Structure formats: C-alpha cells, structure tokens
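Computed from a predicted structure; not experimentally measured. Every chain is numbered from 1, with letters handed out A, B, ... down the list of sequences.
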2 protein chains.
Amino acid sequence: MPDIQPDKAAVAQQIRHLQDTLYVVNGKWKLPILVAIHQGNSRFRDIQRSVQGITTKVLSTELKALEQNKLVVRRVYDTSPPTVEYTTSSYCDTLQTMILEMIAWGKNHHDRIREE
Amino acid sequence: MPDIQPDKAAVAQQIRHLQDTLYVVNGKWKLPILVAIHQGNSRFRDIQRSVQGITTKVLSTELKALEQNKLVVRRVYDTSPPTVEYTTSSYCDTLQTMILEMIAWGKNHHDRIREE
DNA sequence: ATATCTGGCATCCTTTAGGTAACTGGTATA
DNA sequence: TATACCAGTTACCTAAAGGATGCCAGATAT
C-alpha cells in the first residue's frame, strides 16, 4: 500500500503554478491595463481612457506594480512638461496566448449569458 | 478627419471581454479549486487538502459562487451521514485551454524568478 | 470510551482592493 | 485672464476578501 501518490503531487504542483500566475496578474485591472498599453496606448491618460472606469489613483498604483513585475516599462522624457511613456516589455509578450484565451472565453461567456 | 476610430472601439471591446472573464474567475481561489476538482477531488475535505492554505469558510463560499456560475455541480447523496460530491460541469471544460495557459506561464515565471 | 473523520456554519477580526475627492506644478490654448 | 491638459499624489473611506477559532451531528476507527 504505497503512501506516495504521484498524481496528487503533480496536481498540487499545477495548482502552485496557477497560484504563481495569479499572484502576478490578479485583480480587476492589471490585465486590462496590459492590453490597453499593448494596443498602443502609451500615455497615462490614454490608458485611463481605454480602461473604462479606472481612476488615476488605481491606475497609478497598478502601473507601479506592473513595472515592478517587469511587465511594463516606464520612460520619462526630458521635455517640459516631462513626457511619460508606458510600453509593455518583451516579457509581457509571453502572456499573449493566455490573455487571448481569456478574451475568447469572456466573449463566449457573454454570448451564453445573453442567451438565457 | 474621422471622429470614429475603429481600432479603439475594437480594443475597448476586447478589454470588456477580458473583464467579463475576470468577473467570473477573479480571486485567489476559484481557479485553483476548479483544477483540484477537475483532477478528481470530489469531496470537500479532499479539495481543501489539495488547495494549500484555504480555510473551510473560504472554500465553502467559493464553491457556492462556482456553483452559481455553473462551473461546479454539487450532488448530495442520501447516505448517512450524507455524502457530498463536487464535480466540474461540462461548461467548466471550456476554461481548460485558458487554465492550461495560466499554469504554463506560472511555471515559466517561477523558473525565471528563481534564476535571478 | 475516546479520538477522528465528514461537510460544513457562525462569529469575529484583519487585510487588501478599490473608490472619492481634492490638489499640485508646469504648459498650452482660447 | 481663465480654462484645460498632463501625470500624477495625498488623505480618507467603504466594501469585499480572506483568516482564526469554535462548534455541530452522525459515523467509523482504536
């Protein structure tokens, strides 16, 4: 009667990976912000306008978190007043397929809910 | 000079789909719970043991939310004491590729962090 | 007889996420 | 001269998420 169940260990491992991902992209705003930036909105106000309903404060703190996790790059240009530009990092590109899957599921889900 | 920018509208639409998805699966626990159940943990305590660190209270409320969103099915059998069984719905299966992408990214990310 | 398992519920508490509103300094525009 | 834009910051607040602890009743295992 074996004590070690490799299946359970593998499942636990998968769950941990999932939790690692969630730790980085969790919350209402992070992924929407990434999409907005990725699609060409590099300025603070442009991002805010793209992501419906977000406030300056929340956007500001989320951008800092994303920068810390190296998903977003912030560049300040020495103009007057300073111009600030946000872009997604190349590391952020590794999230692409995941995000596309999430968008696809959301679309599908929305259609399904409407049908009810 | 056109006022309507179809690109911006399309981006906004994608972001909305993403937000729909997040509305359903957001939070620290929902996806890990789904994986645990999907991998064959049908009993309350089994799920709890699979998802490291979750309390009975949180698990209980999350399961209710997942049931409401039709991702999980709860069945009670008339044994004594009653046996309760949780399974993922067929609708939940539509989340599979998305979740696998998230697991894969988490694994990758974890490896990357360790290297630093 | 005692301990432990099951599937939770109730209560209380802390933490975090998120929201509101006001404000800043510098610039450009009307 | 007044207004608006930019990129935020600060202080305050609420709501939701999450955590700790204790409990229940029926059953099974020691």
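- Side-chain contact check for A:Ile54 versus A:Ile33: some heavy-atom pair is nearer than 4.5 Å.
- Considering only the side chain of B:Tyr86, C:dG8 comes nearest among D:dT9, C:dC9, C:dG8.
- With rounding to whole Å, A:Arg43 atom CZ is found 7 Å from D:dC6 atom C1'.
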Check nucleotides 10-18 of chain D for protein N or O atoms closer than 3.5 Å to its own N or O atoms and list the pairs.
from, atom 1, to, atom 2, distance (Å)
D:dG18, OP1, B:Lys28, N, 3.1
D:dG18, N7, B:Lys57, NZ, 3.4
D:dG18, O6, B:Lys57, NZ, 3.2

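- The side-chain heavy atoms of A:Leu59 and A:Val51, taken from C-beta on, include no pair separated by under 4.5 Å.
- The CZ-P distance, from B:Phe44 to D:dC24, rounds to 18 Å in whole Å.
- Here A:Ser80 reaches the OP1 or OP2 of C:dT27: one of its side-chain N or O atoms lies under 4.0 Å away.
- Residues satisfying the salt bridge (charged side-chain N to carboxylate O under 4.0 Å, His left out) criterion with B:Asp46, sequence neighbours excluded, are B:Arg49.
- Sorted by first and then second residue, the pairs that involve residues 63-77 of chain A and meet side chain to side chain donor-acceptor pair (under 3.5 Å), not counting sequence neighbours, are A:Arg74-A:Tyr86, A:Arg75-A:Thr87.
- Atom CG in B:Asn41 sits roughly 16 Å away from atom C1' in C:dT6 (whole-Å rounding).
- Counting non-hydrogen atoms under 4.0 angstrom, B:Arg75 reaches nothing in the nucleic acid.
- When rounded to the nearest whole Å, the span between CG of A:Leu59 and P of C:dG18 equals 13 Å.
- Computed from coordinates, the B:Tyr77 OH to C:dT6 C1' distance equals 16 Å when rounded to whole Å.
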Would you sort out whether B:Trp105 and A:Tyr23 count as a ring-ring contact (aromatic ring centres under 6.0 Å, His included), showing the intermediate values?
-> CA-CA 12 Å; B:Trp105 193 87; A:Tyr23 184 79; over 10 Å; no

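- Between the side chains of B:Arg16 and B:Gln19, no donor-acceptor pair is found at a separation under 3.5 Å.
- More than 12 heavy atoms of other residues, nucleotides or ligands sit less than 6.0 Å from atom CD of A:Glu85.
- For B:Arg49 and B:Thr61, each mapped to the nucleotide of DNA chain C holding its nearest heavy atom, the one lying further toward the 5' end belongs to B:Arg49.
- Atom pair A:Lys64:NZ and D:dT9:C1' shows a separation of 8 Å (rounding to whole Å applied).
- If you check every strand for non-hydrogen atoms under 4.0 Å, A:Thr83 touches nothing.
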